[in-house]
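Numbering of ligands and ligand atoms starts at 1, following listing order.
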Amino acid sequence: MFDRSVLADHQSDFLSRFWQKKPLLIRNAFPGGLDYVSGDELAGLASQEGIESRLVIEHGPKAWETRHGPFEEDVWGSLPTQKWSILVQAVDRLLPEVSLLRDRFRFLPNWRVDDIMISYAVDQGGVGPHTDNYDVFLIQGQGRRRWEIGDRALVNPELEPGLDMKILKHFEAAESFVLEPGDMLYLPPGFAHNGVAQGESVTYSVGFRAPHQKEMLQSFVQFCSQFDEGEIFYTDQTLPETREPGLILPGELQRLRELMLAGLQDEKLFMRWIGGFLTEPRSFHEARDKKVSEKTLRAGLKKGRAVQRAEGARLAFYTVGEKLHFAAEGECFVLDPSLTELVALLCREQSYRAEDLLAHSEKLGFAELLCHLWNQSYVRWSDEE
Ligand code: SIN
Ligand code: CO
């Protein structure tokens, strides 16, 4: 499907000079462009329950009107001929070809990838000048789009007041280029950008995630609260005989803080939590009603049936000392370290040959792990619908 990868050819250069630092335009990164979804098909996805979508109309009843899906069929007929677009999130979790696009970004860790959003815009359509908090690769799928970009990352830029969207109050373009099908623009977080369709245009955004501190703290505390063992209460050191009763002493403040920090520094809990947090999906694949037995699974593999990862399923692993942690779609397991190679394969590839899986079949926990992934519908037989 892809005959070359400009990014892969220049990977180390890209990582050291551009990633998280400065924009990069790569012409013809995907020769011929990408044509996995049309505007009509995107509109179809945007009408479905459980799919995150937005419709942005520059001159709707209010400026930059934003509506959230699912949309009724009659919406599309009521739109102006210019200056609107629809954006559908996480299409990599819906369409196999879009999911495979992620292989082109394998030189970046799985856990940093968020999703592939696809937008369709009519002539002059776009979402206005804005910044994103995340790295993004904007791939021109079909049609043409003019991008104007800023020359540096902005911190808390001033926004137009009273809008549904975060439109920059002041936007000065330092550079501008028209992307043709297959061209790709990389933008680090915070760089202002404005993409305006030149005729109908389809853009694929490979977006990244970067957890932020408050969200991590919130999630970790919530995770910890499910374990009621080992509650540690504050205790006094010898109290001074005289004190101002309303005053909290500096030493007391310090010890209260230390108590909190000790909770955050609990390495065991952190390791149990972090994998689930980082692989949390945007939406969940539904678990199967019918469970598979280890016997059926092994028999299928012995017949040579290949296995495939569910589109966009988020997998990652890490090792801590002797322990292997494997995280899938927000769940985290501790596995026998002999499964490290298998787990690396599961995370790296999107489809797995039976023989490659069977090479690990005698290892402790092999069948149990695959059955669990199968039952949760994170994997399936490749020849299965
Ligand atoms: C779009 O595809 O319309 C918007 C992408 C972006 O600016 O982040
Ligand atoms: Co953007």
Side-chain angles (χ1 to χ4, degrees), residues 20 22-25 29-30 33-39 41-43 45-46 51-58 60 64-69 79 82-92 98 101 105 113-154 157 159-160 163-168 171 173-210 282:
Q20 299 241 290
K22 56 182 181 181
L24 176 66
L25 171 64
F30 295 83
L34 304 174
D35 201 6
Y36 305 134
V37 270
S38 63
E41 284 160 339
L42 271 186
L45 292 177
I51 295 181
E52 203 182 323
S53 62
R54 280 172 294 158
L55 167 63
V56 177
I57 314 168
E58 188 171 338
W64 295 112
E65 188 195 349
T66 306
R67 299 186 210 161
H68 294 270
L79 295 168
Q82 285 192 317
K83 300 196 175 186
W84 60 265
S85 59
I86 37 174
L87 304 98
V88 181
Q89 293 296 152
V91 185
D92 56 313
V98 180
L101 254 187
F105 298 89
V113 181
D114 188 6
D115 72 334
I116 302 182
M117 177 188 82
I118 306 184
S119 71
Y120 162 80
V122 292
D123 185 39
Q124 303 301 311
V127 297
H130 66 280
T131 58
D132 294 312
N133 293 322
Y134 311 105
D135 305 84
V136 64
F137 291 92
L138 299 157
I139 307 164
Q140 190 60 27
Q142 292 298 308
R144 305 164 84 216
R145 185 168 209 154
R146 172 176 294 282
W147 286 96
E148 295 182 311
I149 64 171
D151 59 358
R152 72 203 127 89
L154 303 176
L159 301 178
E160 285 289 355
L163 299 179
D164 297 343
M165 297 190 59
K166 293 182 172 168
I167 303 285
L168 295 176
F171 173 58
E175 278 185 283
S176 151
F177 10 70
V178 175
L179 264 64
E180 305 278 346
D183 292 346
M184 174 162 77
L185 173 63
Y186 162 72
L187 290 176
F191 276 73
H193 54 288
N194 186 25
V196 180
Q198 316 276 289
E200 287 177 283
S201 157
V202 178
T203 301
Y204 293 59
S205 302
V206 181
F208 287 74
R209 19 172 109 166
R282 279 178 166 261

*Option of least heavy-atom distance to atom 5 (C) of ligand 1 (set: L138, T203, V56)*: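 Going through L138, T203, V56 one by one, L138 has the nearest heavy atom to atom 5 (C) of ligand 1.
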Ligand-side contact atoms (ligand 1) for residue partner [X], heavy atom cut-off under 4.0 Å:
X: R145; value: 1 (C), 2 (O), 3 (O)
X: W147; value: 7 (O)
X: H193; value: 6 (C), 7 (O), 8 (O)
X: H130; value: 6 (C), 7 (O), 8 (O)

*Check the side chains of Q140 and D183 for a donor-acceptor pair under 3.5 angstrom, ignoring hydrogens and angles.*
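Per modelled atom types, D183 and Q140 side chains form no pair under 3.5 Å.
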_Student check: side-chain heavy atoms of L138 and M184 closer than 4.5 Å_ = no
*What protein heavy atom sits nearest atom 2 (O) of ligand 1, and how far off is it?*
S119 OG, 2.7 Å
_How far is atom 4 (C) of ligand 1 from the closest protein heavy atom, and which atom is that?_
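The closest heavy atom on the protein side is V127 CG2, 3.9 Å.
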*Restricting to pairs with a member in residues 138-151, which pass salt bridge (charged side-chain N to carboxylate O under 4.0 Å, His left out), not counting sequence neighbours?*
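Listed by first then second residue: R144-E180.
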*Pair listing, salt bridge (charged side-chain N to carboxylate O under 4.0 Å, His left out) test, anchored in residues 117-128, at least two apart*: none
*Under 3.5 Å between some N or O of ligand 1 and some N or O of D132?*
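It does: an N or O of D132 is found under 3.5 Å from an N or O of ligand 1.
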*Heavy-atom pair with the smallest gap, counting every atom of G190 and T131*: O-CG2, 3.4 Å
*Is the Y36 ring parallel, tilted or perpendicular to the Y204 ring (thresholds 30°, 60°)?*
perpendicular
_Which segment of Y120 sits under 4.0 Å of ligand 1 when only heavy atoms are counted_ =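 For Y120, there is no contact with ligand 1 at all, from either part.
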_Under the side-chain hydrogen bond (donor to acceptor under 3.5 Å, both in side chains) test, residues paired with D135 that sit two or more places apart_ =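 Testing D135 for side-chain hydrogen bond (donor to acceptor under 3.5 Å, both in side chains), a comparison that skips the adjacent residues, returns Q20, Y186.
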For the backbone of [Y] and the side chain of [X], can you confirm whether one donor and one acceptor N or O come within less than 3.5 Å of each other?
X: D92; Y: I116; value: yes
X: H68; Y: T66; value: no
X: Q198; Y: G143; value: no

*Quick one: name the protein N/O/S atoms under 2.8 Å from the Co ion (ligand 2), chain by chain.*
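Near the Co ion (ligand 2), below 2.8 Å, one finds H130 NE2, D132 OD2, H193 NE2.
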*Give a yes/no verdict on whether any heavy atom in Y134 is under 4.0 Å from an atom of ligand 1.*
no
*Check whether more than 12 heavy atoms from other residues, nucleotides or ligands sit under 6.0 Å from atom CZ of R282, and answer yes or no.*
yes
